[in-house]
S.K.: 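One structure, as structure tokens, below. Some questions next.
Every chain is numbered from 1, with letters handed out A, B, ... down the list of sequences.
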Amino acid sequence: MPLQGLNIRAMAAATPRTGRSQAARPRSGAEIRAAFLEFYEQRGHKRMASASLVPDDPTVLLTIAGMLPFKPVFLGQQQRPAPRATSSQKCIRTNDIENVGRTARHHTFFEMLGNFSFGDYFKEQAIQWAWELSTEVFGLSSKNLVVSVFRDDDEAEAIWRELVGVNPKRIIRMDEADNFWASGPTGPCGPCSEIYYDFRPELGDDGIDLEDDSRFIEFYNLVFMQYNRDAQGTLTPLANRNIDTGMGLERMAQILQGVPNNYETDLIYPLIETAAALAGVDYRALDAKGQTSLKVIGDHARAITQLIGDGVTASNLGRGYILRRLLRRVVRHGRLLGIDKPFLSAMGEASIALMQEAYPQLVERRELILAELAREETRFLETLERGETLLANILANKPRLISGAQAFELYDTYGFPLELTEEIAEEHGLTVDTAGFEAAMEEQRQRAKAAAVSIDLTLQEAIDQVAATAEATAFKGYEALEHPSCVLALVVNGEPATQASAGDSVQLVLDSTPFYGEGGGQVGDRGVLLGGGDQTSVDAGVIVSIEGVSRNRSVFVHSGQIERGSVTVGDLLTARVDASCRRRAQANHTATHLLQAALKQVVDPGIGQAGSLVDFDRLRFDFHCSRAVTPAELEQIEALINGWISEAHGLVVQEMAIEAAKAAGALAMFGEKYADVVRVVDVPGVSMELCGGTHVANTAEIGVFKIVSESGVAAGIRRIEAVAGPAVLAYLKEREAVVKPLAERFKAQPGEIVERVAQLADELKATQKALAAARSELAAAKASALAAQAEAVGAAADGAPFQLLVARLDGVDGAGLQGAAQGLADQLGEGAAVVLGGLPDPVDLGKVILVAAFGKAVIAAGPKAGAFIGGVAKACGGGGGGRPNLAQAGGRDGGALDGALEQAREQLHTALSGAPGAGQG
RNA sequence: GGGGAAUUAGCUCAGCUGGUAGAGCGCUGCGAUCGCACCGCAGAGGUCAGGGGUUCGAGUCCCCUAUUCUCCA
């Protein structure tokens with residue numbers, strides 16, 4: 001049952017701040033979002049859907065700002081989608097994670113409302129609309145608003161003052177740190193202007209301090225991108241000036257709903273209620289610490305649900321690690337609140353329910369999200385349990401305090417949170433050396449940082465630079481395998497260059513290319529570039545072998561080596577793809593499509609792709625499936641695919657609008673981003689997928705398809721590896737190379753090998769056992785015969801004589817000899833001093849084994865087996881040791897054995913006759 | 001990308017500074033019982049992840065590989 005107490009609707013309705021005509025004002029999060037987008041849509045902006053939290057840009061882990069999806073547009077690397085755009089973009093930031101729940105408005109997951117101008121309208125228009133939206137649509141009173149402008153931006157100030165009519169005292173100038181935006185050390189940048197909400201306008205207009213976040217909250221940031229900064233730091237005006245703005249949805253919700261912090265808005269509060277109900281607590285009745293925990297859970301629950309929804313899975317690196325950390329924080333705070341059973345699925349369900357209207361794909365991925373949450377939670381509980389055991393071990397030693405090193409080891413190696421260590425230590429009346437912990441943590445940070453610098457960035461950097469400036473490469477490889485191409489840029493050994501000569505390892509950018517660039521799971525083509533004189537034959541003056549082609553943004557990078565001649569930027573070369581490699585890749589790629597279709601047909605229509613690799617000699621297909629595919633199903637799949645192959649379906653490949661493709665039923669990958677016009681690969685009646693890869697013209701070209709293995713790769717994800725086309729032959733050859741020699745070796749038909757090997761293994765095991773038994777029996781027999789040779793020497797403390805036995809016993813291994821010695825010693829009683837030596841191996845006459853077994857009385861009298869046998873072994877060119885009662889040694893000088901044994905006998909004889917106990921009794 | 005750990009019986013794990021691989025649970029058989037659960041006794045079950053090295057001798061020390069966990073970036 002949901003908690004009583006806060007009722008958002010009631011609270012918001014009771015809020016008088018925004019004044020007039022409450023009825024029409026947006027209030028709920030959804031209304032605010034809709035109002036913002038509508039406002040700008042009405043003003044000519046193209047409404048853009050929120051991009052994935054996983055960005056295209058490989059240099060950032062997550063979408064951290066509303067403008068990130070438009071960064072390539074601002075940087076001039078991509079065509080603008082429209083002159084103006086508006087979006088509500090989901091974002092994740094974790095740099096201030098410790099503040100979440102403690103302050104009023106720190107989030108990991110948040111939504112950024114934005115309006116963007118790409119070389120279209122600028123400062124004046126942006127400012128006016130921002131003001132109009134804030135006051136007219138959201139109904140904020142100008143008395144409650146304060147704006148900031150950049151220190152030097154007189155233009156902006158003039159607009160605010162004169163065009164908008166803001167009280168000059170409520171226009172505050174700020175420095176670079178707050179009001180100047182740049183995406184990096186170089187590139188487009190410009191001043192900002194922000195709008196703040198003033199919760200206490202009655203304090204007046206004098207001495208306004210916008211840093212005071214108990215009074216002010218910044219809710220709208222306008223960036224005026226008007227300069228380009230070069231490497232020297234010089235600013236030059238941009239020809240096309242841009243506008244980039246952001247309004248925090250949660251912040252506006254807080255203002256309009258009149259709640260004291262973002263967490264109590266309708267965007268998050270229902271999750272707090274869910275968590276409170278699970279913990280059986282009342283949010284309003286809790287102390288600050290408890291409320292913080294609920295806020296953290298509410299905030300993080302949204303973040304982890306959305307992250308998994310965008311295809312992130314928990315792992316120990318990159319964004320997967322961010323997910324894991326967030327998720328574990330939720331569990332920890334849940335425990336702090338007293339939730340002692342798994343509850344993440346419940347939080348996930350509540351998060352999906354809360355956000356499904358704005359993000360319908362959460363519903364599509366519901367099962368996956370819940371499964372991932374449950375899986376990770378279980379894993380974390382295991383981690384905690386292990387950590388608790390380890391900590392209990394530490395505490396069992398009754399230490400005075402838990403050292404920083406111990407706490408750090410628990411954390412670093414076993415993932416056990418410091419807070420929990422502290423908590424448990426406290427229960428035992430101990431403290432934790434947190435300073436030592438921090439020191440160890442800092443050391444670890446420095447180590448990681450130092451290592452990060454040493455990465456060789458140069459190669460990648462050079463290519464990045466080249467790719468950023470080069471025109472998109474025209475791909476001709478669908479139609480042709482050979483094409484004349486002009487060299488646009490060169491990188492030699494990681495350095496940009498204008499020329500490269502024989503022997504150089506190079507990366508080339510061409511204006512157009514028939515080479516497929518690695519992407520969509522398919523490997524890049526191999527082949528050659530020919531130039532100079534006769535460009536049609538391998539006798540060409542210039543030969544560059546291409547070993548791989550990758551894509552950097554829309555530029556294809558050909559990597560290879562110059563075999564002959566030299567290449568200069570501007571050269572016209574003939575690019576020729578290795579047709580045989582390409583054919584193999586094509587066969588594997590089309591086969592991958594057939595495999596997916598077959599899986600859907602045989603196993604589950606709901607199967608979705610989770611990853612794919614198309615290489616020249618194999619293919620790998622990962623897919624979402626909760627159970628293993630049975631051998632019978634695999635056979636069925638193979639048969640189905642080989643049937644489609646023999647039916648010789650002609651492929652139909654065409655480009656069409658994305659909507660048309662989806663309407664036609666083409667399979668698109670979840671979370672994948674597609675352009676407006678997509679390529680559809682259709683095997684009529686069998687499979688239809690959006691795909692940019694290269695394919696056979698007819699399924700018959702594939703020839704044959706064979707599954708090599710089926711395995712699990714992660715919970716809920718299975719992997720099938722297979723081969724198709726010419727690669728099958730290579731696979732068969734490989735197998736034959738194993739089977740043939742085996743068949744010959746075992747003189748068996750290939751079909752009989754398995755049984756034969758199993759039989760041999762059983763026989764071998766039985767033989768080994770029998771041999772070991774026989775050996776120990778033999779050793780025992782030989783040993784008991786030796787018992788009679790024992791020599792009574794001196795007298796022990798109890799008056800009985802010591803029983804000295806030094807003998808040679810060959811052909812017995814170490815364990816046997818030890819067993820024999822122990823047996824003899826037991827037989828001879830507490831006064832037994834048994835030393836056995838022998839050559840275990842009739843072939844290797846150098847190897848010596850020595851064993852000593854001493855009874856209690858002997859040890860009491862002085863001689864210890866370990867030290868004694870070591871001395872004896874020295875005479876045989878070896879060493880040894882062991883416990884006082886039983887020891888083993890070895891040596892390499894078999895010839896010296898008899899002498900050594902004789903010496904040992906004498907030494908023991910002397911030691912035992914003169915033993916302290918000898919005279920007594 | 002850089003650290004720290006783990007991998008031993010079907011499962012959960014002990015195994016100290018190198019010296020004959022163990023426990024609990026599970027399994028099999030026997031006993032006890034009218035029968036079951038419980039109990040008692042006995043037994044089977046191991047390439048100590050794989051490969052190299054050091055050593056007379058490696059589960060144990062060193063290096064490499066694989067897989068998994070974990071922290072930092």
S.K.: Counting only Watson-Crick or G-U wobble pairs whose two distances fall under 3.5 Å, which nucleotide matches B:C69?
M.R.: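 For B:C69, the partner nucleotide comes out as B:G4, under the 3.5 Å rule.
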S.K.: Under a 3.5 Å distance rule, please check whether A:Lys341 uses its side chain to pair with a backbone N or O of A:Ile339 as donor and acceptor.
M.R.: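 It does not hold such a pair.
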S.K.: What is the base-pairing partner of B:U28, counting Watson-Crick and G-U wobble geometry with both distances under 3.5 Å?
M.R.: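 Paired with B:A42.
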S.K.: So, for A:Tyr411 and A:Phe416, is the gap between ring centers shorter than 6.0 Å?
M.R.: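 They do not qualify: ring centres at least 6.0 Å apart.
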S.K.: What nucleotide among B:C71, B:U70, B:G57 has an atom nearest to a side-chain atom of A:Lys847?
M.R.: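 Nearest to the side chain of A:Lys847 among the choices is B:G57.
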S.K.: Rounded to the nearest angstrom, tell me the gap between atom CD1 in A:Ile869 and atom C1' in B:G57.
M.R.: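 Computing the A:Ile869:CD1 to B:G57:C1' distance gives 13 Å.
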S.K.: Find the distance A:Asn885:CG to B:G19:P and express it as a whole number of Å.
M.R.: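 Interatomic distance, CG of A:Asn885 to P of B:G19: 13 Å.
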S.K.: Quick check for you: among B:A5, B:U70, B:U20, whose closest atom lies nearest to any side-chain atom of A:Arg379?
M.R.: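 The closest nucleotide is B:U70.
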S.K.: For A:Gln888 and for A:Glu409, locate the closest nucleotide of RNA chain B by heavy-atom distance; then report the residue assigned to the nucleotide nearer the 5' terminus.
M.R.: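 The residue closer to the strand's 5' end, by nearest nucleotide, is A:Glu409.
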S.K.: Please give, in whole Å, the distance from B:A14 C1' to A:Leu390 CG?
M.R.: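 Those two atoms, CG and C1', are 14 Å apart.
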S.K.: Let's test this: given Watson-Crick or G-U wobble pairing with both distances under 3.5 Å, identify the partner of B:U60.
M.R.: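 Checking every strand shown, B:U60 finds no partner, since no pair has both distances under 3.5 Å.
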S.K.: Just the rounded figure in Å: distance from P of B:A73 to CD of A:Glu443.
M.R.: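 Atom CD in A:Glu443 sits about 15 Å away from atom P in B:A73.
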S.K.: Does the base of B:G2 carry an N or O that pairs as donor and acceptor with the side chain of A:Gln444 under 3.5 Å?
M.R.: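 Looking at the base of B:G2, it does pair with a donor or acceptor on the side chain of A:Gln444 (distance under 3.5 Å).
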S.K.: Considering only side-chain heavy atoms of A:Arg324, which listed nucleotide, B:G4, B:C71, B:U70, is closest?
M.R.: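 My answer, after comparing the listed nucleotides, is B:U70.
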S.K.: Between B:G19, B:G4, B:C69, which nucleotide gets closest to the side-chain atoms of A:Thr383?
M.R.: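 Per side-chain heavy atoms of A:Thr383, the pick is B:C69.
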S.K.: Using atom C1' of each nucleotide, how far apart are B:G10 and B:A44 to the nearest Å?
M.R.: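 Per the computed distance, 12 Å lies between those C1' atoms.
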S.K.: How far does the C1' atom of B:U60 sit from the matching atom of B:U17, given to the nearest Å?
M.R.: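 Taking atom C1' in both B:U60 and B:U17, they lie 11 Å apart.
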S.K.: Calculate, to the nearest 0.5 Å, the distance between atoms CG and CG belonging to A:Leu62 and A:Leu53 respectively.
M.R.: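 A:Leu62 CG to A:Leu53 CG: 7.0 Å, rounded to 0.5 Å.
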S.K.: Only pairs with both distances under 3.5 Å count, Watson-Crick or wobble alike; so what is the partner of B:C36 in this structure?
M.R.: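 For B:C36, the partner nucleotide comes out as none, under the 3.5 Å rule.
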S.K.: How far does the C1' atom of B:G18 sit from the matching atom of B:C56, given to the nearest Å?
M.R.: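 My reading of the C1' atoms in B:G18 and B:C56 gives 12 Å.
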S.K.: Using the C1' atom in both, what is the distance from B:G50 to B:A58, to the nearest Å?
M.R.: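 Looking at atom C1' only, B:G50 and B:A58 are 16 Å apart.
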S.K.: Strictly by modelled atom types, are A:Thr108 and A:Asp299 linked by a side-chain donor-acceptor pair under 3.5 Å?
M.R.: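 Yes.
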S.K.: Quantified in whole Å, what is the P atom distance between nucleotide B:A14 and nucleotide B:G51?
M.R.: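 That atom pair is separated by 24 Å.
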S.K.: For the atom pair CZ (A:Phe380) and CZ (A:Arg332), what is the distance rounded to the nearest 0.5 Å?
M.R.: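 Rounded to the nearest 0.5 Å, the CZ-CZ separation comes to 6.5 Å.
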S.K.: Write down the distance separating the C1' atoms in B:C11 and B:G57, rounded off to the nearest Å.
M.R.: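 One C1' to the other, the span is 33 Å.
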S.K.: Paired with B:U55: which nucleotide, if any, by Watson-Crick or G-U wobble criteria at under 3.5 Å for both distances?
M.R.: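 The answer is none; no pair meets the criterion.
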S.K.: Applying a 3.5 Å limit to both distances, which nucleotide forms a Watson-Crick or G-U wobble pair with B:U17?
M.R.: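 Checking every strand shown, B:U17 finds no partner, since no pair has both distances under 3.5 Å.
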S.K.: How long is the line joining CD of A:Gln446 and C1' of B:G2, in whole Å?
M.R.: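 Between C1' of B:G2 and CD of A:Gln446: 13 Å.
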S.K.: How close or far is atom C1' of B:U55 from atom CD1 of A:Ile849, stated in whole angstroms?
M.R.: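 Atom-to-atom, A:Ile849 to B:U55, this comes out as 14 Å.
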S.K.: Is A:Gln822 touching bases, backbone alone, or none of the nucleic acid, heavy atoms closer than 4.0 Å?
M.R.: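 Base contact.
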S.K.: How close or far is atom C1' of B:A5 from atom CG of A:Leu410, stated in whole angstroms?
M.R.: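 After rounding, the gap between these two atoms is 12 Å.
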S.K.: B:U65 and B:G46: how far apart are their P atoms, nearest whole angstrom?
M.R.: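 Taking atom P in both B:U65 and B:G46, they lie 31 Å apart.
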S.K.: Using the side-chain heavy atoms of A:Thr413, tell me which of these nucleotides is nearest: B:G4, B:U70, B:G3.
M.R.: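 Of the options given, the side chain of A:Thr413 lies nearest B:G4.
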S.K.: Base, sugar-phosphate or nothing for A:Gly879? Non-hydrogen atoms, less than 4.0 Å.
M.R.: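 Here A:Gly879 touches the bases of the nucleic acid.
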S.K.: State whether A:Arg445 places a side-chain N or O below 4.0 Å from either non-bridging phosphate oxygen (OP1 or OP2) of B:A73.
M.R.: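 Checking A:Arg445 against B:A73: at least one side-chain N or O falls below 4.0 Å of OP1 or OP2.
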S.K.: What is the nucleic acid contact for A:Leu886, judged by heavy atoms within less than 4.0 Å: base, sugar-phosphate only, or nothing?
M.R.: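 Touches a base.
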S.K.: Assign A:Ala887 to base, sugar-phosphate, or nothing according to its heavy-atom contacts below 4.0 angstrom with the strands shown.
M.R.: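 Answer is nothing: A:Ala887 stays at 4.0 Å or more from every strand.
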S.K.: With no hydrogens and no angle check, do the side chains of A:Gln818 and A:Gln822 hold a donor and an acceptor under 3.5 Å apart?
M.R.: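 Looking only at side-chain atoms, A:Gln822 and A:Gln818 do not form any donor-acceptor pair under 3.5 Å.
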S.K.: Pick the P atom in B:G52 and in B:C38, then give their distance to the nearest Å.
M.R.: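 So the two P atoms sit 47 Å from each other.
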S.K.: Are the side chains of A:Leu908 and A:Pro863 in contact, using a 4.5 Å heavy-atom criterion?
M.R.: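 Answer yes - side chains close enough.
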S.K.: One thing to verify: whether A:Glu902 and A:Arg905 come together as a salt bridge, which I'm taking to mean a side-chain N less than 4.0 angstrom from a carboxylate O.
M.R.: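 A:Glu902 and A:Arg905: salt-bridged.
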S.K.: Could you check A:Gly823 against A:Phe408 and say which one's nearest nucleotide on RNA chain B is further toward the 5' end?
M.R.: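 Per heavy-atom nearest nucleotide, the more 5' residue is A:Gly823.
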S.K.: Considering every strand shown, what is the Watson-Crick or G-U wobble mate of B:U12 when both distances are under 3.5 Å?
M.R.: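 With both distances under 3.5 Å, B:U12 matches B:A23.
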S.K.: Identify whether any heavy atom of A:Gly890 sits under 4.0 Å from a base atom; if not, whether one sits that close to sugar-phosphate; answer base, sugar-phosphate or nothing.
M.R.: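 Base, at least one base heavy atom under 4.0 Å.
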S.K.: Please give, in whole Å, the distance from B:U7 P to A:Arg386 CZ?
M.R.: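 In whole Å, B:U7 P and A:Arg386 CZ are 11 Å from each other.
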